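Contents: one structure, followed by commentary.
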Amino acid sequence: DTAVSQTPKYLVTQMGNDKSIKCEQNLGHDTMYWYKQDSKKFLKIMFSYNNKELIINETVPNRFSPKSPDKAHLNLHINSLELGDSAVYFCASSQDLIQTQYFGPGTRLLVL
Amino acid sequence: AQKVTQAQTEISVVEKEDVTLDCVYETRDTTYYLFWYKQPPSGELVFLIRRNSFDEQNEISGRYSWNFQKSTSSFNFTITASQVVDSAVYFCALSEETSGSRLTFGEGTQLTVNP
């Protein structure tokens with residue numbers, strides 16, 4: 001029944017490692033997003049895909065690479081993790097551009 | 001450039017009090033969309049309401065109501081007869097038609113409702 005799901009929910013890793021976060025939506029939406037929420041709760045968009053095509057790529061280090069194998073999935077791969085990457089990462093989806101975005105439960109990443 | 005300001009960082013009330021969360025936005029677009037999301041202590045982001053720039057009608061949903069005023073660029077959220085379960089961080093957000101699907105969030109207001 002989960003509309004937007006993310007795995008894992010928690011991720012603790014060492015600096016320098018590479019990790020991936022997976023996102024899946026079963027709403028039939030065409031657009032998917034990644035947002036980052038920092039320690040002060042500030043939310044900022046990172047990427048957006050519409051019909052598997054990248055449409056928003058904010059000023060994010062190129063260590064972050066999104067991949068959309070199909071419309072229902074948008075994964076986030078992070079290379080060479082740094083302490084500053086510690087945050088909660090939210091995936092979201094919407095029917096189309098400008099429509100309401102529905103968020104996944106978030107992935108709490110802690111880089112040691 | 002779009003911007004959302006939630007000047008109230010934290011609000012603390014006693015149960016059954018009414019509380020209003022302020023949201024002021026900036027945009028150059030004539031077509032835009034405003035949202036409120038709730039983030040309870042469990043951490044998920046819950047969608048509450050979406051309003052487009054051409055619809056200034058106020059909306060009421062149970063104990064929740066929203067006041068959209070284009071003249072003051074505000075989209076305020078009122079909770080009537082607050083309850084402990086309303087304790088959460090509330091985010092106001094803006095999306096402009098010309099900037100694609102980007103949601104710009106305010107910094108959030110932490111609401112604590114005490115019994």
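Here the structure is a predicted model, which means the values were calculated and not measured.
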Over 12 non-hydrogen atoms of neighbours within 6.0 angstrom of CZ in B:R51: yes
Nearest-0.5 Å distance, OG1 of residue B:T104 to NZ of residue A:K44: 9.0 Å
B:V46 side chain near A:Y102 side chain, heavy-atom distance below 4.5 Å: no
Chain B contact via A:L43 - which portion, at a heavy-atom distance below 4.5 Å: both
Worked verdict on A:F103 versus B:F47 for side chain to side chain contact (heavy atoms under 4.5 Å, CB included): CA-CA 8 Å; A:F103 286 78; B:F47 165 72; over 6 Å; no
CZ on B:F91 to CZ on A:F42, rounded to 0.5 Å: 9.5 Å
Within 6.0 angstrom of B:K38 NZ, more than 12 heavy atoms from elsewhere: yes
Per-residue contact mode, A:T31 against chain B (heavy atom under 4.5 angstrom): side chain
Other residues, nucleotides, ligands: >12 heavy atoms within 6.0 Å of A:L112 CG: yes
Side chain to side chain contact (heavy atoms under 4.5 Å, CB included) assessment of B:L103 paired with A:Y35: CA-CA 9 Å; B:L103 264 182; A:Y35 287 83; 3.1 Å; yes
A:Y10 atom OH: more than 12 heavy-atom contacts under 6.0 Å: no
Part of A:Q99 lying under 4.5 Å from any heavy atom of chain B: both
A:K40/B:E107 salt bridge by N-O under 4.0 Å criterion: no
Over 12 foreign heavy atoms within 6.0 Å of NZ, B:K70: yes
Top contributor to chain A contacts, counting heavy-atom pairs under 4.5 Å, from B:E97, B:R102, B:E96: B:R102
Trace of the side chain to side chain contact (heavy atoms under 4.5 Å, CB included) decision for A:F90 with B:Q39: CA-CA 12 Å; A:F90 284 97; B:Q39 187 173 38; 3.5 Å; yes
Check: B:Y37 and A:Q101 side chains under 4.5 Å, non-hydrogen atoms: yes
